[in-house]
Student: 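Okay, here's the structure, questions in a sec.
Throughout, protein chains are lettered first and strands after them, A, B, ... in sequence-line order, and every chain is numbered starting at 1.
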Number of protein chains: 2
Amino acid sequence: MGITIHDVARRAGVSISTVSRVLNDTTAVHEDKRRSVIEAAEALGYSPNPAARSLLGKKTGGIGVLLPHVGGEFFAELLNGLDEAAHASGHFLVISTSYRHRDEFNAAIRAMDRRVDGLIVMAPELDAEGVASILSSGNAVSFINTLVEEGSADVLNFDNFGGALALTQHLLGLGHRRIALIKGPSGAWDAQERVRGYRAAMAEEGIEDTASLEFEGEYTSIAGYDATGAILEAVPQPTAIIAANDDCAAGVLSALSEAGVSVPHAVAVAGFDGIPSTQYTLPPLTTVRVPIGEIGYRAVSRLAARIEDQEGEVATQYETVPVELVVRKSTVAALPDSADLGAASTG
Amino acid sequence: MGITIHDVARRAGVSISTVSRVLNDTTAVHEDKRRSVIEAAEALGYSPNPAARSLLGKKTGGIGVLLPHVGGEFFAELLNGLDEAAHASGHFLVISTSYRHRDEFNAAIRAMDRRVDGLIVMAPELDAEGVASILSSGNAVSFINTLVEEGSADVLNFDNFGGALALTQHLLGLGHRRIALIKGPSGAWDAQERVRGYRAAMAEEGIEDTASLEFEGEYTSIAGYDATGAILEAVPQPTAIIAANDDCAAGVLSALSEAGVSVPHAVAVAGFDGIPSTQYTLPPLTTVRVPIGEIGYRAVSRLAARIEDQEGEVATQYETVPVELVVRKSTVAALPDSADLGAASTG
DNA sequence: TGTCATTTTGAAAACGTTTTCAAAACTATT
DNA sequence: AATAGTTTTGAAAACGTTTTCAAAATGACA
């Protein structure tokens with residue numbers, strides 16, 4: 001079928017060992033032989049069989065990427081970052097998505113076993129045991145946005161807690177008190193962190209019991225749409241809504257618009273992630289920008305370095321990447337509140 | 001290092017040939033040996049080395065995906081479709097993006113050579129010669145949205161021409177005559193098709209010379225933003241704008257909003273692709289919905305079938321997938337036009 | 001029990017590389 | 001010119017499978 005090293009050797013009039021040496025630049029060979037080997041290889045369009053190479057324990061050149069169900073701009077941005085870094089370090093990307101349960105993860109990892117040199121894993125829904133079983137696969141791993149014990153692997157998380165805290169503080173600073181939160185998937189670590197940030201900010205203002213302000217949700221616009229229905233029925237009605245993420249916020253905006261509730265004047269709305277389209281919603285959305293492309297880039301770069309590092313003696317890094325509050329027109333000061341006014345007039 | 005077939009053979013007390021036979025279910029082996037082989041394989045957690053397997057000319061299980069640099073939701077939706085189908089057919093996805101020039105493409109294909117069983121290629125900017133060189137790589141290939149001579153490969157294009165035609169006809173039907181078009185990348189086949197559809201619709205209305213209505217652009221919101229600046233300076237001013245795609249339309253909306261031009265009353269705006277966020281723009285965007293996830297799914301399914309098909313005697317399919325005009329609030333009837341009124345009063 | 005056909009099995013070749021080892025070809029030194 | 005040292009080279013082993021081939025074991029039948 002294909003051109004093999006034997007064909008090159010025959011054409012160049014040398015042994016296959018010599019061809020290998022020239023092509024891998026591993027030992028000195030006489031200049032004239034070297035030339036004819038290169039000439040022969042080019043003429044025949046030879047390229048080494050990757051299977052034969054990796055059979056000898058060489059690198060495959062692949063980086064495996066395991067992601068939860070991919071949707072929306074967030075993942076497009078992430079993938080762009082991953083791919084750019086992979087390109088830069090001479091790797092290719094093997095991608096698998098839609099993993100939630102531990103055994104699905106394990107199956108995917110087994111499928112990638114010995115086909116890749118390392119793994120990028122983003123699995124906010126994975127528990128400690130799941131993480132452990134990934135680590136025990138013997139692969140080099142870089143985690144993104146996943147709950148991993150510090151020191152056990154390279155981790156690049158973004159500051160879900162801090163982002164939610166800052167966002168909630170922003171709304172509190174605008175005078176909002178009844179701030180509804182649409183929560184993400186209950187099993188997801190990043191969602192839990194955002195809830196924690198929200199509660200911390202609320203508690204700072206003396207609002208300890210937020211149970212009636214928290215609504216179940218997902219990272220989808222449908223979930224935002226549905227949750228908004230419940231929020232609008234709450235009494236007294238919240239004056240602000242923090243969505244699980246930007247996609248969810250889009251559903252909130254849509255539901256509010258249908259219900260004839262004006263944003264931001266009747267209700268303020270905020271998202272999370274900072275995807276590009278938040279600039280173009282009606283009104284433009286206040287959100288928390290996550291540098292997800294950059295995170296992807298750095299995760300791959302770091303993984304590539306670790307793969308290169310034969311000795312494996314580089315310490316693991318755990319990093320929480322800062323996020324940035326982006327205030328747009330969807331959040332303004334709360335109206336003088338009828339409930340508060342009532343309280344004031346009776347006082 | 002890893003567990004090999006020899007370890008399994010030793011534990012089961014048989015030869016490696018027998019292990020291979022049991023695991024691949026290729027020849028009958030005695031039930032008791034079969035049992036102990038399976039037991040041994042499970043106990044040791046054995047899985048065959050993929051490199052050794054593909055070295056013997058077996059399938060790799062990989063499907064390569066070559067895409068231009070794509071951002072945003074379009075990409076995510078495509079990827080979802082690709083991944084779902086890959087999963088369903090037991091393949092994994094090897095992804096490379098950011099290809100424009102023929103030599104970049106060739107480099108990427110060489111990188112995937114013998115690592116994948118087939119290729120999904122979406123390359124609207126590729127010319128016939130580039131397509132030919134991909135085909136000559138000897139891989140099974142499914143093209144998406146690429147200019148390929150019918151019969152030479154499996155192709156799944158969506159109806160760029162028809163979509164642009166319908167969209168332009170829609171605006172003409174609303175009474176618009178000065179319809180500006182922001183064009184996509186000049187080298188891209190899909191962009192050219194959209195221009196062709198636009199021109200065809202305009203010509204039907206007797207508007208043959210559209211040069212002054214066509215503006216250079218890209219598939220990005222920045223390009224839409226910039227082009228809108230030029231469009232607003234045109235005299236007489238267009239009453240409608242067709243953006244290169246939805247991302248581009250988002251930039252148009254943003255620029256018009258900044259300039260204080262009301263949409264849809266002063267200017268109607270339309271996009272192309274039908275990404276989810278077009279539901280949430282201000283106002284919701286009229287667009288052409290492309291079933292890109294489904295196209296991705298089908299491209300992979302078809303490729304998987306072709307890979308399976310040992311004889312290679314299945315005829316290639318060329319299919320143009322229909323698209324759907326989605327009318328939303330960003331396009332309404334043209335106002336009575338001052339230019340037309342002037343012409344009428346002098347007549 | 002001996003012969004023949006059939007089923008089951010293992011040894012060995014093959015896939016295409018890289019790498020080890022030892023031989024061969026030089027070069028320098030005496 | 002012989003020797004020692006160095007550089008360059010090729011043969012062969014190794015990586016982990018699948019598969020071919022022939023041998024061994026089994027079963028059927030006379």
Side-chain angles (χ1 to χ4, degrees), chain A residues 1-41 44-62 110-117 138 310, chain B residues 1-41 44-62 110-117 138 310:
Chain A
M1 282 249 250
I3 309 292
T4 76
I5 197 172
H6 290 96
D7 302 321
V8 179
R10 198 172 315 122
R11 186 181 229 262
V14 298
S15 74
I16 60 166
S17 328
T18 299
V19 175
S20 177
R21 281 190 269 257
V22 169
L23 264 30
N24 296 296
D25 201 19
T26 163
T27 318
V29 317
H30 248 199
E31 189 54 26
D32 48 353
K33 300 213 175 193
R34 154 178 229 87
R35 284 248 184 72
S36 64
V37 165
I38 288 179
E39 187 269 338
L44 295 170
Y46 168 76
S47 79
N49 184 316
R53 224 178 209 172
S54 65
L55 185 53
L56 290 162
K58 298 292 164 196
K59 308 239 178 325
T60 64
R110 230 191 331 272
M112 290 191 175
D113 184 34
R114 285 169 290 186
R115 289 188 225 266
V116 298
D117 302 327
Q310 305 283 4
Chain B
M1 283 246 251
I3 309 293
T4 77
I5 199 173
H6 289 96
D7 301 320
V8 178
R10 198 172 314 123
R11 185 181 228 263
V14 298
S15 75
I16 61 165
S17 328
T18 299
V19 175
S20 177
R21 280 190 269 257
V22 170
L23 265 29
N24 296 297
D25 202 18
T26 162
T27 319
V29 317
H30 248 200
E31 189 54 25
D32 48 353
K33 300 214 177 194
R34 157 179 227 85
R35 285 250 184 72
S36 64
V37 165
I38 288 179
E39 188 269 338
L44 295 170
Y46 169 75
S47 80
N49 184 317
R53 225 181 209 167
S54 66
L55 184 53
L56 290 164
K58 298 290 164 198
K59 309 237 180 323
T60 64
R110 229 192 331 272
M112 290 191 175
D113 184 35
R114 284 171 289 186
R115 288 188 226 264
V116 297
D117 302 327
Q310 307 284 4

Student: Roughly how far, to the nearest 0.5 Å, is OG of B/Ser15 from CD1 of B/Ile5?
Tutor: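 Between B/Ile5 CD1 and B/Ser15 OG, I get 8.5 Å after rounding to 0.5 Å.
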Student: Please report, rounded to the nearest Å, how far the C1' atom of D/dG16 is from the CG atom of B/Asp7.
Tutor: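 Nearest whole value for this atom pair: 11 Å.
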Student: With a 4.0 Å cut-off on N to O distance, would you call A/Asp7 and A/Arg10 a salt bridge?
Tutor: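 Yes, this pair counts.
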Student: Go along nucleotides 6-13 of chain C 5' to 3' and tag each nucleotide: B for a protein heavy atom under 4.0 Å from its base, S when only backbone or sugar atoms are that close, - otherwise.
Tutor: --SBBBB-
Student: With a 4.0 Å cut-off, would you call B/Arg35 and B/Asp32 a salt bridge?
Tutor: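 Not counted as a salt bridge, because no side-chain N and carboxylate O are separated by less than 4.0 Å.
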Student: Would you say B/Asn24 and B/Arg53 make side-chain contact, with heavy atoms under 4.5 Å?
Tutor: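 Side-chain contact under 4.5 Å: yes.
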Student: Got a donor-acceptor contact below 3.5 angstrom from the B/Arg114 side chain to the B/Ser54 backbone?
Tutor: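 No; judged by distance alone, with no hydrogens or angles, the pair does not exist.
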Student: Rounded to whole angstroms, how far apart are CD1 on B/Ile5 and C1' on D/dT19?
Tutor: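 From B/Ile5 CD1 to D/dT19 C1': 12 Å.
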Student: Please report the distance, rounded to the nearest Å, between CG in B/Asp113 and C1' in C/dG16.
Tutor: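 So the CG-C1' distance, B/Asp113 to C/dG16, works out to 14 Å.
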Student: On the nucleotide D/dT18, are OP1 or OP2 found under 4.0 Å from the side-chain N or O atoms that B/Asn24 carries?
Tutor: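 Indeed, a polar side-chain atom of B/Asn24 lies that close.
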Student: So, is A/Arg53 near the phosphate of C/dG16, with a side-chain N or O under 4.0 Å from OP1 or OP2?
Tutor: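 Looking at the OP1 and OP2 atoms of C/dG16, neither is under 4.0 Å from any side-chain N or O of A/Arg53.
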Student: Could you tell me how far apart B/Ile3 (CD1) and D/dG16 (P) are, to the nearest whole angstrom?
Tutor: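 Rounding to the nearest Å, CD1 of B/Ile3 and P of D/dG16 are 11 Å apart.
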Student: So how far is it from A/Arg21 CZ to A/Arg34 CZ, rounded to the nearest 0.5 Å?
Tutor: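 With rounding to 0.5 Å, CZ (A/Arg21) is 12.0 Å from CZ (A/Arg34).
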Student: Can you find a side-chain donor-acceptor pair between B/Thr60 and A/Arg115 that sits under 3.5 Å?
Tutor: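 Looking only at side-chain atoms, A/Arg115 and B/Thr60 do not form any donor-acceptor pair under 3.5 Å.
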Student: Check the distance between C/dC15's P and B/Arg114's CZ and give it to me in whole angstrom.
Tutor: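 Answer to the nearest Å: 14 Å.
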Student: Round to a whole Å and report the spacing from CG of A/Leu56 to P of D/dC15.
Tutor: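 Taking CG of A/Leu56 and P of D/dC15, I get 9 Å after rounding.
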Student: What is the distance from atom CD of A/Glu39 to atom CG of A/Leu44, rounded to the nearest 0.5 Å?
Tutor: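 It is 8.5 Å, given to the nearest 0.5 Å.
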Student: What is the distance, rounded to the nearest whole Å, between atom NE2 of A/His6 and atom C1' of C/dT18?
Tutor: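 Checked: the NE2 to C1' distance equals 12 Å.
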Student: Measuring only between side-chain heavy atoms, which start at C-beta, is A/Asn49 closer than 4.5 Å to A/Thr4?
Tutor: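 Answer no - side chains too far apart.
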Student: Could you give the CZ-to-C1' distance, from A/Arg10 to C/dG16, as a whole number of Å?
Tutor: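 Those two atoms, CZ and C1', are 13 Å apart.
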Student: How bent is the helix from C/dT1-D/dA30 to C/dT30-D/dA1, measuring the angle between the end axes built from five pairs each, rounded to 10°?
Tutor: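 It comes to 60° between the two terminal axes.
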Student: Is any side-chain nitrogen or oxygen of B/Lys58 closer than 4.0 Å to OP1 or OP2 of D/dT19?
Tutor: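 Affirmative; the distance criterion is met.
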Student: Classify the nucleic acid contact of B/Ser20 as base, sugar-phosphate or nothing, counting any heavy atom under 4.0 Å across all strands shown.
Tutor: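 Since a base atom lies under 4.0 Å of B/Ser20, the category is base.
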